[in-house]
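These notes concern the structure reproduced below.
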Amino acid sequence: MPLSLAGGPVPAVLSAILVFLLAFVRAEDPYRFFTWNVTYGDIYPLGVRQQGILINGQFPGPDIYSVTNDNLIINVYNSLPEPFLISWNGVLQRRNSWQDGVYGTNCPIPPGKNFTYVLQVKDQIGSFFYFPSLAFHKAAGGFGGIRILSRPRIPVPFPDPAGDFTVLIGDWYKANHTTLKATLDRGKKLHFPDGILINGRGPNGAYFTVEQGKTYRFRISNVGLQNSLNFRIQGHRMKLVEVEGTHTVQTTFSSLDVHVGQSYSVLVTADQPAQDYYIVVSTRFTSVVLTTTGVLHYSNSAGGVSGPPPGGPTIQVDWSLNQARAIRTNLTASGPRPNPQGSYHYGLINTTRTIKLVNSAGLINGKQRYAVNSVSFIPADTPLKIADFFKIGGVFRLGSISDNPTGGGMYLDTAVMPADFRAFIEIVFENHEDIIQSWHLDGYSFFVVGMDGGLWTPASRLQYNLRDAIARCTTQVYPKSWTAIYVALDNVGMWNLRSEFWARQYLGQQFYLRVYSPVESIRDEYPIPRNALVCGRASGRHTRPL
């Protein structure tokens with residue numbers, strides 16, 4: 001007997017679709033539910049009162065614990081007096097840029113309203129973080145750690161640690177984020193940060209308790225605004241095991257450079273005499289070195305920290321470059337699926353396009369701006385993804401940023417670069433400035449195939465690592481240097497490619513990569529969510545019927 005609804009019998013094709021959907025629902029992966037209330041509150045990370053952004057009263061916000069393929073339902077109540085958005089740094093959002101949480105893809109959550117993010121950590125493992133993406137809110141808090149564990153049946157290339165710690169490090173200002181934002185809005189540069197935080201706390205405020213003889217995992221993320229940081233633990237070595245979702249060759253380091261927006265997992269064994277030890281974080285490549293400390297506390301400690309905190313590298317570029325080159329993919333380890341990470345032979349695939357990106361800084365109309373390929377990004381009046389879906393003209397122009405530096409002066413535009421679904425491309429970041437850069441691509445993990453000093457040329461490809469380059473979502477570019485990445489454009493959507501130096505991002509050093517499939521099939525991209533917020537020129541439009 002055919003299926004029937006209130007309107008009468010259901011056609012055979014629709015019946016088949018319903019049967020398929022019912023089977024899909026039964027096979028769904030687990031759901032994890034979160035309810036977050038975002039408020040302002042007083043915080044004192046550097047000893048002075050500031051207006052911080054709290055999530056459920058916490059600064060930093062709560063960790064997200066999940067397992068590969070989990071569905072995360074995160075209901076965010078915006079109790080701030082202004083619009084708010086959260087983005088998920090490193091979560092790939094497979095076929096689902098609707099949940100990316102940046103202004104190019106999402107309308108902000110209005111004050112006093114809520115929005116439910118529905119995202120899946122599809123085929124991912126590793127260490128990441130979330131942060132607020134609007135209005136320089138990142139300088140007020142609102143960030144927290146994300147850990148995606150492997151499914152129980154997928155082997156991990158190291159024994160289960162005795163404990164698993166989130167370590168959020170970053171530079172910090174004593175001024176409220178509103179003051180910093182006003183400075184940028186006036187077209188001025190920010191002054192040097194006032195300090196470094198570990199998990200939202202100043203010197204010796206962060207405390208990690210371990211048992212002698214046991215091994216612990218530390219997930220370290222640089223959630224700061226502009227400075228590369230060096231992380232080290234007094235008297236202890238760190239074994240690197242994972243970088244932004246990729247198991248690494250297990251190399252041991254005495255200290256580790258973590259650039260803005262990057263995440264690393266290290267194993268630390270409590271194999272020293274029972275006492276307390278300094279955890280030290282200090283700035284890199286700065287004339288003034290900021291340093292802060294936390295405490296590694298042995299549960300049977302015979303005494304507190306003693307002596308000066310161990311020193312680390314300061315302005316040495318070669319040291320950091322050599323360390324970066326030593327970070328490679330463990331080809332025999334399984335990733336989120338039960339096949340080796342090295343089964344995808346990226347080095348045997350011909351690239352179909354080369355994009356060369358050059359960052360720059362300067363004045364436009366007498367105000368400080370930052371650019372990539374001469375274009376300083378300005379937000380449109382409507383999120384680009386929303387405008388694209390509703391086919392609203394005049395919001396952005398495809399090709400408004402070129403594949404190569406123009407050599408001309410800086411100018412303002414809403415920069416969107418078109419790209420073809422399933423293309424395999426090369427992106428070269430070339431840094432002509434005297435400071436280090438950090439670049440992030442939403443929606444993707446890419447292979448960092450090469451980096452070196454000077455200018456990139458086609459001959460630079462001869463030194464590429466085409467076998468076991470690390471796959472990650474954020475890469476550094478050293479001063480007067482280049483970094484090259486390979487990207488398989490297998491994720492349809494409107495994706496933000498940005499500087500992780502937050503003042504630079506805010507003042508224009510970003511653009512959107514529109515990865516497009518002409519088929520416009522739900523096989524390639526999920527339909528717009530029913531609860532999607534609409535704003536700007538899309539106001540009054542409807543998403544889709546039930």
Tell me, do S97 and E525 make a side-chain contact under 4.5 Å, heavy atoms counted?
-> yes
So, do W439 and T474 sit near enough that their side-chain heavy atoms are less than 4.5 Å apart?
-> no
Taking the side chain as every heavy atom from C-beta outward, state whether D29 and Q120 have any atom pair closer than 4.5 Å.
-> yes
Can you pull the disulfide (SG to SG under 2.5 Å) pairs that have at least one residue in residues 59-157, sequence neighbours excluded?
-> C107-C535
Here the salt bridge (Lys or Arg N to Asp or Glu O under 4.0 Å) pairs for residues 93-104, sequence neighbours left out, are R94-D490
Aromatic ring proximity, centroids under 6.0 angstrom, W98 and F389 | yes
What residue among F84, Y130, Y77 forms ring pair (Phe, Tyr, Trp, His ring centres under 6.0 Å) with W36?
-> Y130
List the atom pairs, donor and acceptor, that lie under 3.5 Å between side-chain atoms in residues 51-61 and the rest of the protein, sequence neighbours left out.
unit_1	atom_1	unit_2	atom_2	d
N56	OD1	N37	N	2.8
N56	ND2	T35	O	3.0

Would you check, one step at a time, whether the test side chain to side chain contact (heavy atoms under 4.5 Å, CB included) holds for D123 with N69?
-> CA-CA 6 Å; D123 290 336; N69 292 350; 3.7 Å; yes
Between T269 and T215: side-chain donor-acceptor atoms closer than 3.5 Å | yes
Under 30°, 30 to 60°, or over 60°: which ring-plane class applies to F218 and F231, parallel, tilted or perpendicular?
-> tilted
Do S127 and Y264 have side-chain heavy atoms sitting under 4.5 Å apart?
-> no
Apply side-chain hydrogen bond (donor to acceptor under 3.5 Å, both in side chains) to H247 and list each qualifying residue two or more places apart in sequence or on a separate chain.
-> none
Before giving the answer on side-chain hydrogen bond (donor to acceptor under 3.5 Å, both in side chains), spell out for S255 and N230 the whole-Å C-alpha distance, their side-chain angles and the decisive distance to 0.1 Å.
-> CA-CA 7 Å; S255 71; N230 183 265; 3.3 Å; yes
is_close_aromatic(F208, F165), centroid dist under 6.0 Å | yes
To the nearest 0.5 angstrom, please state how far the CG atom of L184 sits from the CG atom of L507.
-> 5.0 Å
Note: D257-R284 ion pair, threshold 4.0 Å (strictly below) = yes
When rounded to the nearest 0.5 angstrom, what distance separates CG in L489 from CG in L513?
-> 6.0 Å
Residues in side-chain contact (heavy atoms from CB on, under 4.5 Å) with Y207, at least two apart?
-> T209, D276, V295, H297
Between E242 and R472, does at least one N-O distance fall below 4.0 Å, as a salt bridge requires?
-> no
side-chain hydrogen bond (donor to acceptor under 3.5 Å, both in side chains) partners of S334, counting only residues at least two apart | none
Spacing of CG belonging to N89 relative to CD1 belonging to I146, to within rounding of 0.5 Å | 8.0 Å
Hey, can you tell me if F115 and Y117 have their rings parallel, tilted or perpendicular (30° and 60° cut-offs)?
-> perpendicular
Could you tell me whether the side chain of P340 reaches within less than 4.5 Å of the side chain of T332, counting heavy atoms only?
-> no
How about I64 and F128: do any of their side-chain heavy atoms sit closer than 4.5 Å?
-> no
Flag the pair V487 / F447 as yes when at least one side-chain heavy-atom distance between them is below 4.5 Å, and no otherwise.
-> no
Output field: ring centroids F131/W502 closer than 6.0 Å | yes
Heavy-atom side-chain proximity of V266 to L256 below 4.5 angstrom | yes
Can you tell me if CZ on R337 sees more than 12 non-hydrogen neighbours from other groups inside 6.0 Å?
-> no
So with a 6.0 Å cut-off around CG of D42, is the heavy-atom count from everything else above 12?
-> yes
Reported CD1-to-OH distance for the pair I485 and Y444, which is rounded to 0.5 angstrom = 11.5 Å
Would you please classify the geometry between the F377 ring and the Y512 ring as parallel, tilted or perpendicular, with 30° and 60° separating the classes?
-> tilted
